[in-house]
J.: 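Okay, handing you the structure first.
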Amino acid sequence: MSKLDKSDVEKIAFLARLGVDEQDIPEYATNLSNILDMVEQLDSVDTQGVRPMAHPLDAVQRLRADVVTESNDRENLQAHAPEVEQGLYLVPRVVE
Amino acid sequence: MHNKTIAELSAGLKAGEFTSVELTQSYLNRIDSLDEQLNSFITVTPELALEQAKQADAQRATGHVGILNGIPLAQKDIFCTKGVKTSCGSKMLEPFISPYDATTITKFNDSGAIMLGKTNMDEFAMGSSNETSWYGPVKNPWQLDSVPGGSSGGSAAVVAARLAPAATGTDTGGSIRQPASFCGITGLKPTYGRVSRYGMIAFASSLDQAGPMTRTAEDAALMLNVMAGLDSRDSTSVDEAVPDYTADLNNSLSGLKIGLPKEYFSEGLDDAVAKVIESAVKEYEKMGASVKEISLPTSNLAVPTYYIIAPSECSSNLSRIDGVRYGYRCEDPKDLNDLYIRSRGEGFGAEVKRRILVGTYALSEGFYDAYYVKAQKTRRLISNDFNQAFADVDVIMGPAAPSTAFKLGELSDDPITMYLSDIYTIAVNLAGLPGMSIPAGFANGMPVGLQLIGQHFAESKLLNIAHQFQQETDWHTQTPDAFK
């Protein structure tokens, strides 16, 4: 069922905003198809009534008091950004 | 000095036989002269290490210090270390100097331990051979044309080659236990949530767990004593009392009930590895343990379940790395999409891309229930199997990997066969259980690891079982000839 072709890979890559070299696409298509074939073994397993397991200890989100615990650390954190100006991250113009 | 365990080195420091500065310098010298053959470090931090050692010696002079005070360690490059490059084995984070410390790093710093450097690893911990690292593969100290396993391959090689007494690793599907097996060292993956994930770069958040990689079970207990515990900064860390993990090491194993899953000894297991595991189990029988065959009928579902859950969580986690706030950015992006697409396309390697693509597909509209939710359901079936097995036995044993270390390049073009090298370890992560690999012998000249699997929070029990084996055998003391 899950034979992916070139256009599938291109579509998925765009959803992931992930550049993939043109010449590598056939190989990715084969790799992904094989992986999907492998995981399709699960289709034959009866999971009716089985509760999905999101956390191996079935723990729920721990809550804490709604108080400020972190201080403003903008300068330190932005020191690692490729491009910042006046406390803002710079990216190419989005709105003309 | 380099053949001593943490426990022995700590006693030496205490007795004043040597200082931490001397000890640290001797390991830095070994790294300097020997690591060229292995490529096990991405970053060595000599100035920081010697400064920390000086402080540790000064602390010791003023009074009481903990067992890890002055002990040099290597940290997997997945842990954020303030002021030190934290690359996660990726070109993407080559420019990333972490602005903060992971909780594990903070805890080791507070304990007075020394950081020698950051170890090489598969890119973003995705790999079973260390060949996906952007910094080049690590070599296995036992045979330089073989892989050390992965993803914590650098840490495993460092400990096997005695370039550090111990190291940290992380384990999402076997990344501590499989390299520990391939390199002949002791590795412990604790119960999910036992060790904080804060500042440990996330791969698959419902599976990732950090643990110690050491020469002995006793050293693993000493490391876990520092690493374990609730952390308010990791919402999945567990509020469960932390015992002294050394307290039960010397308990007798008389009456211990061992289960051997028949599925772990069937097709795909190398005969020579099987023999080593069988003789290790006989050793336990001599110590008074009883052995019975058990069944984990859903074992064959573990790899497919994992290869939906892990890539899905990876694609979600890695979406934050976009070339905007930190890390690699492409040259001259023409618009915002181009910035994202090229930064990620140029920054991530092939295996990471494969997993992002699989995960993106599995989570995309119309497929979520068929893949991710289905895998969460089979995950529960796998977990139920373990629960049932533990009604009858105290510990499950088997091989940590189906073979000994394979050759560099042997499987790198064959993702699925590579994935199967984690066939015995993956189910343990899905069920969130603690697991260990301990040196159990050699097959064809290469080390073989015995895997121990326990119930949730049974780390003390596993360490006890491992320690007792190490009292009766000397596999864990074997050192590769080139690194004696």
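Everything quoted here is computed from the prediction, not taken from an experiment. Sequence lines set the chain letters: A, B, ... in the order given, protein chains first and strands last, and positions in each chain run from 1.
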J.: How far apart are the C-alpha atoms of B:Thr81 and B:Thr86, what are their side-chain angles, what is the distance that settles it, and do they pass the side-chain hydrogen bond (donor to acceptor under 3.5 Å, both in side chains) test?
T.: CA-CA 7 Å; B:Thr81 41; B:Thr86 300; 3.2 Å; yes

J.: B:Thr378, B:Leu357, B:Leu336, B:Leu381: which one forms the most heavy-atom pairs within less than 4.5 Å of chain A?
T.: B:Leu357

J.: Could you look at A:Glu75 and say if it's the side chain, the backbone, both or neither that has a heavy atom under 4.5 Å from chain B?
T.: neither

J.: For the pair B:Asp208 and B:Thr172, evaluate side-chain hydrogen bond (donor to acceptor under 3.5 Å, both in side chains) and give the outcome as yes or no after the intermediate values.
T.: CA-CA 4 Å; B:Asp208 296 342; B:Thr172 303; 2.6 Å; yes

J.: Would A:Arg62 and B:Ser232 count as a side-chain hydrogen bond (donor to acceptor under 3.5 Å, both in side chains) if you check the C-alpha gap in whole Å, the side-chain angles of each, and the deciding distance to 0.1 Å?
T.: CA-CA 9 Å; A:Arg62 204 173 50 239; B:Ser232 60; over 6 Å; no

J.: Between A:Thr47, A:Asp21, A:Leu77, A:Val60, who has the most heavy-atom pairs with chain B when the cutoff is under 4.5 Å?
T.: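 Looking at each of A:Thr47, A:Asp21, A:Leu77, A:Val60 in turn, A:Thr47 comes out on top.
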
J.: Non-hydrogen atoms of chain A under 4.5 Å away: do they reach the side chain of B:Leu430, the backbone, both or neither?
T.: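 The answer is the backbone of B:Leu430.
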
J.: What residue, out of B:Tyr306, B:Tyr192, B:Tyr340, has the most heavy-atom pairs lying under 4.5 Å from chain A?
T.: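 Going by pairs under 4.5 Å, I would pick B:Tyr192.
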
J.: Does the distance from a Lys or Arg side-chain N to an Asp or Glu carboxylate O, for B:Arg355 and B:Glu313, drop under 4.0 Å?
T.: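 Looking at B:Glu313 together with B:Arg355, the answer is no, because their closest N to O distance does not fall below 4.0 Å.
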
J.: In sequence, state the C-alpha distance, the side-chain angles, and the governing distance for B:Lys353 and A:Asp24, and then conclude on salt bridge (charged side-chain N to carboxylate O under 4.0 Å, His left out).
T.: CA-CA 11 Å; B:Lys353 285 187 187 177; A:Asp24 295 337; 5.9 Å; no

J.: Given that the side chain runs from C-beta out, which part of B:Ala362 has a heavy atom under 4.5 Å from chain A: side chain, backbone, both or neither?
T.: neither

J.: With a 4.5 angstrom heavy-atom cut-off, is it the side chain or the backbone of A:Ala59 that approaches chain B, or both, or neither?
T.: neither

J.: Classify the side-chain pair B:Glu346/B:Tyr328 by whether it contains a donor and acceptor separated by less than 3.5 Å.
T.: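 Side chains of B:Glu346 and B:Tyr328: pair found under 3.5 Å.
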
J.: Looking at B:Asn300, B:Ile308, B:Val373, which makes the most heavy-atom pairs under 4.5 Å with chain A?
T.: B:Ile308

J.: Checking B:Leu230 against chain A: side chain, backbone, both or neither under 4.5 Å from a heavy atom?
T.: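 Contact with chain A is through the side chain of B:Leu230 alone.
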
J.: Between B:Ile97 and chain A, which part of the residue has a heavy atom less than 4.5 Å away: side chain, backbone, both or neither?
T.: both

J.: Name the region of A:Asp58, side chain, backbone, both or neither, that has any atom closer than 4.5 Å to a heavy atom of chain B.
T.: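 Side chain of A:Asp58 only, per the 4.5 Å heavy-atom cut-off to chain B.
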
J.: Please classify the contact of B:Thr305 with chain A as side chain, backbone, both or neither, using a heavy-atom distance under 4.5 Å.
T.: both

J.: Taking A:Leu15, A:Asp8, A:Ile35 one by one, which has the highest count of heavy-atom pairs under 4.5 Å against chain B?
T.: A:Ile35

J.: I want to check something: taking the side chain as every heavy atom from C-beta on, are B:Ile453 and B:Pro434 in contact at a cut-off of under 4.5 Å?
T.: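 Not in contact.
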
J.: Quiz question: by atom type and distance under 3.5 Å, do the side chains of B:Ser90 and B:Glu123 form a donor-acceptor pair?
T.: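 There is such a pair between these side chains.
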
J.: Quick one: what part of B:Tyr100 sits under 4.5 Å from any heavy atom of chain A, side chain, backbone, both or neither?
T.: neither

J.: Looking at chain A, which one of B:Pro311, B:Ser235, B:Ser98, B:Ala350 has the largest number of heavy-atom pairs inside 4.5 Å, strictly under?
T.: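 Heavy-atom pairs under 4.5 Å are most numerous for B:Ser235.
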
J.: Which bit of A:Arg64 comes within less than 4.5 Å of chain B, counting heavy atoms only: side chain, backbone, both or neither?
T.: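 No part of A:Arg64 comes within 4.5 Å of chain B.
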
J.: In terms of heavy-atom proximity below 4.5 Å to chain A, should B:Asp369 be classed as side chain, backbone, both, or neither?
T.: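 Neither part.
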
J.: Which atoms of B:Pro415 are under 4.5 Å from chain A, going by heavy atoms: the side chain, the backbone, both sets, or neither?
T.: side chain

J.: Apply salt bridge (charged side-chain N to carboxylate O under 4.0 Å, His left out) to the pair B:Lys91 and B:Glu94, showing each step before the final yes or no.
T.: CA-CA 5 Å; B:Lys91 176 185 178 186; B:Glu94 161 71 21; over 6 Å; no

J.: Which bit of B:Tyr372 comes within less than 4.5 Å of chain A, counting heavy atoms only: side chain, backbone, both or neither?
T.: neither

J.: Kindly state whether the ring of B:Tyr326 and the ring of B:Phe96 have centres lying under 6.0 angstrom apart.
T.: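 Between B:Phe96 and B:Tyr326, which both carry aromatic rings, the centre distance is below 6.0 Å.
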
J.: Assess whether a salt bridge exists between A:Glu83 and B:Arg329, defined as any Lys/Arg side-chain N lying under 4.0 Å from an Asp/Glu carboxylate O.
T.: yes

J.: When only pairs under 4.5 Å are counted, which of B:Asp322, B:Val324, B:Asp414, B:Asn429 shares the most heavy-atom pairs with chain A?
T.: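 Heavy-atom pairs under 4.5 Å are most numerous for B:Val324.
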
J.: Given that the side chain runs from C-beta out, which part of B:Ser319 has a heavy atom under 4.5 Å from chain A: side chain, backbone, both or neither?
T.: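 B:Ser319 has no heavy atom closer than 4.5 Å to chain A.
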
J.: Using heavy-atom distances under 4.5 Å, tell me whether B:Ser343 contacts chain A through its side chain, its backbone, both, or neither.
T.: neither

J.: Is the closest side-chain donor-acceptor distance between A:Asp73 and A:Asn76 under 3.5 Å?
T.: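 Result is yes, a qualifying pair exists.
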
J.: Against chain B, work out which of A:Glu27, A:His55, A:Gln78, A:Lys11 has the most heavy-atom pairs shorter than 4.5 Å and name it.
T.: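 With the most close heavy-atom pairs to chain B, the winner is A:His55.
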
J.: What I want to find out is whether A:Asp37 reaches A:Lys3 closely enough, with some N-O distance under 4.0 Å, to be called a salt bridge.
T.: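 Yes.
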
J.: Taking side chain as everything from C-beta outward and backbone as N, CA, C, O, which of these in A:Leu63 sits under 4.5 Å from a heavy atom of chain B? Side chain, backbone, both or neither.
T.: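 Contact with chain B involves no heavy atom of A:Leu63 at all.
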
J.: Quick one: do B:Arg197 and B:Asp234 make a salt bridge, cutoff under 4.0 Å?
T.: yes

J.: Angle class for the B:Tyr371/B:Tyr361 ring planes (parallel below 30°, perpendicular above 60°, tilted otherwise)?
T.: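 If you compare the ring of B:Tyr371 with that of B:Tyr361, the planes turn out tilted.
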
J.: In terms of heavy-atom proximity below 4.5 Å to chain A, should B:Ser383 be classed as side chain, backbone, both, or neither?
T.: side chain

J.: Quick one: what part of B:Leu339 sits under 4.5 Å from any heavy atom of chain A, side chain, backbone, both or neither?
T.: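 The side chain, not the backbone.
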
J.: Side chains of B:Asp231 and B:Ser237: is there a donor and an acceptor less than 3.5 Å apart?
T.: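 No - no donor-acceptor pair under 3.5 Å links their side chains.
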
J.: Measuring heavy-atom distances to chain A, does B:Phe386 have an atom under 4.5 Å in its side chain, in its backbone, in both, or in neither?
T.: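 Contact with chain A involves no heavy atom of B:Phe386 at all.
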
